Amino acid sequence: MEALLPTLVISLLLSASIITATETRKPVLYVFGDSLSDVGNNNYLILSLAKSDYPWYGIDYYGGIPTGRFTNGRTIGDIIAAKLGIPSPPPYLSLSEYDDAMLKGVNYASGGAGILNETGIYFIEKLSFDDQIGCYEKTKEAITLKLGRQASEELSNEAIFLVGLGSNDYINNFLKPFLVDGNIYTLQEFEDLLINTLAGQLTRLYFAGARKVIFHGLSPMGCIPSQRAIAGNGQCLDYVNDYVMRFNKRVKYLLSVLNSRLPGAQMTFADCYDSVMDLINRPEIYGFKVSHTSCCNVDTTVGGLCLPNSNLCSNRAEYVFWDAYHPTDAANVVLANILFSDPEIAKVHPALGRNASPPSPR
C-alpha cells in the first residue's frame, strides 16, 4: 500500500494539471455574419458597395478611426471576445494564407451577406454564408497543415462558432420589390428556401469540424430606423416583425433537429427578440434615452449609412441605434450581456456564461 502512494500522488497531480490546462486554455472564436458582425472584411473587397470605412464610423473605437465596423464602436462579436478574455478575431481577408492568428479565431462576417447567395446582390461584392464557410474550410486546411489532423479536429470541435445571419435576406432581398425573390416566392416558400439552405450550410459547417454553434436569432427588424421610415408614421412595421418571429421559430426547431442527427453537435439558438423589443420599448431601463431614431441623422428608406457630412447626436451612449440599421456600441454591450446571461448558451462552452464586464470602448 505504501509503495502505491507515490504513484497515486503523481497520478492525481497529473490529472489536476490536465484539468487546470483545460480550464485555462483560451477559447477560440469563429464569427460568421453580416454587417452586424463585420470587422473589416468588406474593406478588402474592392468592388463592394457595402463599406463603412469613413468617418464617423469607429469614432468610439480604439483610436477613433474607421475599421470597417458598421457602428461607432464595437460589434457584438468584439464584446463577446472581450468577455471571453481573448482578442477580437481579425477579419479573414486581412490574414495571410498560413497566418498563426487563425489558431486563435477568425471573423468571416461580411456586410450585406445573407443565407442566400443572391441576397445583397446589388452590393456587387460580399461574402455570403456559403462563401464564409468556404473561407473557414480553407482556414481548417491551413490549421491541419500546421498542427496535424487530430489537433486540428480537436481545435475546431472545441471552438465557439458564432453565427448571425438572416436580416439581409429579408431587408435587402425579399422585402425589396425590385428584386426577384420577393416576386416569385410566397412568404412560406421563401421561409422554406431559407431554412432548407441554412440546414445544408450548418451541416456543411459541422462536417468541417464545427460542434459548438451559437446561432444569433433575428431581433425585431420592423422597429429599426430604416423600417420606421418606410412605415411613414415612425411606427414599427409589425408585419416585418411577424416575419422575424416565424424565422426565429423555424431556426430554433432546425437546430434541435440537427443536434439529434449529427453526433456531438451543440447548436444553440440565442433568442434576443423579446429582450431587444424591451430595449426599444423601455430604453430608460437600460440607460438609454432614444430608441426610435438613429444617433447619426440618417433615418431614410435609401442608403441609411452615416456619411461624413451627417449630423451626430450629442451623446452617442444614449442612443440604441447608430445609423438606420445598426446598433450603437452601447447597445451592443447590452445585447452581448443578454446573450451571456442565457443559461442555454452557457452550456455550449465553459467560458460562456461568465459575466465579466468588457473593457470600455475608448
Side-chain angles (χ1 to χ4, degrees), residues 27-34 36-39 41 76-77 80-81 84 89-93 95 102-110 113-120 126-145 147 149-169 193-218 247-248 250-270 339 344-345 347-349 351-352:
V28 175
L29 178 65
Y30 294 112
V31 181
F32 302 76
D34 48 33
L36 294 172
S37 304
D38 191 351
V39 294
N41 277 309
I76 294 178
I80 288 175
L84 291 171
Y92 171 78
L93 295 179
L95 302 175
M102 66 182 64
L103 299 171
K104 300 178 181 179
V106 180
N107 185 309
Y108 305 93
S110 173
I115 294 168
L116 304 179
N117 291 329
E118 64 263 31
T119 289
K126 40 76 185 175
L127 299 175
S128 67
F129 192 23
D130 275 329
D131 294 330
Q132 293 177 37
I133 296 172
C135 292
Y136 172 70
E137 289 170 339
K138 292 179 181 178
T139 298
K140 178 76 177 301
E141 291 173 4
I143 292 175
T144 300
L145 288 175
L147 304 181
R149 187 165 301 279
Q150 182 176 344
S152 175
E153 283 300 315
E154 289 176 356
L155 187 151
S156 59
N157 289 173
E158 289 302 314
I160 300 168
F161 290 75
L162 181 63
V163 181
L165 288 143
S167 60
N168 283 320
D169 293 290
L193 177 63
L194 282 180
I195 298 303
N196 291 335
T197 303
L198 182 60
Q201 292 165 331
L202 292 177
T203 301
R204 179 183 169 194
L205 199 56
Y206 170 87
F207 283 109
R211 295 295 182 270
K212 303 177 186 302
V213 177
I214 300 171
F215 191 97
H216 198 278
L218 301 184
F247 173 82
N248 284 347
R250 292 195 62 177
V251 173
K252 188 173 183 178
Y253 178 72
L254 169 65
L255 298 182
S256 67
V257 171
L258 292 176
N259 284 336
S260 67
R261 293 178 179 176
L262 302 173
Q266 291 179 267
M267 299 188 184
T268 303
F269 185 75
L339 188 149
E344 291 302 312
I345 301 301
K347 297 177 183 177
V348 175
H349 192 282
L352 292 165

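Values in this document were obtained by computation on a predicted structure and should not be read as measured data.
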Side chains of [X] and [Y]: does their closest heavy-atom pair fall under 4.5 Å?
X: Leu84; Y: Ile160; result: yes
X: Leu116; Y: Leu194; result: yes
X: Thr119; Y: Leu165; result: no
X: Phe215; Y: Leu198; result: yes

Pairwise distance [atom1]([X]) to [atom2]([Y]) - rounded to 0.5 angstrom:
X: Gln132; Y: Thr139; atom1: CD; atom2: OG1; value: 11.5 Å
X: Ile195; Y: Leu254; atom1: CD1; atom2: CG; value: 6.0 Å
X: Met267; Y: Leu262; atom1: CE; atom2: CG; value: 5.5 Å
X: Leu145; Y: Lys140; atom1: CG; atom2: NZ; value: 11.5 Å
X: Thr144; Y: Arg149; atom1: OG1; atom2: CZ; value: 5.5 Å
X: Lys212; Y: Thr268; atom1: NZ; atom2: OG1; value: 9.5 Å

Would you list the atom pairs, donor with acceptor, under 3.5 Å between side chains in residues 199-209 and any protein atom, with sequence neighbours excluded?
| unit_1 | atom_1 | unit_2 | atom_2 | d |
| --- | --- | --- | --- | --- |
| Gln201 | NE2 | Ile115 | O | 2.8 |
| Gln201 | NE2 | Asp130 | OD1 | 3.3 |
| Thr203 | OG1 | Ala199 | O | 2.7 |
| Arg204 | NE | Glu137 | OE2 | 3.0 |
| Arg204 | NH1 | Asp130 | O | 3.4 |
| Arg204 | NH2 | Glu137 | OE1 | 2.9 |
| Tyr206 | OH | Pro263 | O | 2.5 |

On a heavy-atom basis, which atom in [X] and which in [Y] lie closest, and how many Å separate them?
X: Val31; Y: Pro89; answer: CG2-CG, 4.5 Å
X: Leu127; Y: Ala113; answer: O-CB, 3.0 Å
X: Val28; Y: Leu103; answer: CG2-O, 3.5 Å
X: Leu339; Y: Ala270; answer: CD1-CB, 4.2 Å
X: Ala210; Y: Val213; answer: CB-CG2, 4.1 Å
X: Cys135; Y: Tyr92; answer: SG-CE2, 3.4 Å

So, Asp131 versus Ser110: side-chain donor-acceptor pair below 3.5 Å or not? no
Consider only side-chain N and O atoms of Ser128 and Asn117, and report whether a donor and an acceptor are under 3.5 Å apart. yes
I'd like to know if the side chain of [X] and the backbone of [Y] have a donor-acceptor N/O pair within less than 3.5 Å.
X: Ser156; Y: Glu153; value: yes
X: Asp169; Y: Gly114; value: no
X: Asn157; Y: Arg211; value: no
X: Asn41; Y: Leu93; value: yes
X: Glu344; Y: Phe269; value: no

Should Val163 and Phe129 be marked as a side-chain contact (heavy atoms from CB on, under 4.5 Å) after you check the CA-CA gap, both sets of side-chain angles, and the distance that decides it? CA-CA 9 Å; Val163 181; Phe129 192 23; 3.8 Å; yes
Is the Tyr136 ring parallel, tilted or perpendicular to the Tyr108 ring (thresholds 30°, 60°)? perpendicular
Applying the side chain to side chain contact (heavy atoms under 4.5 Å, CB included) criterion to Leu29, which one of Leu162, Ile214, Val106 satisfies it? Leu162
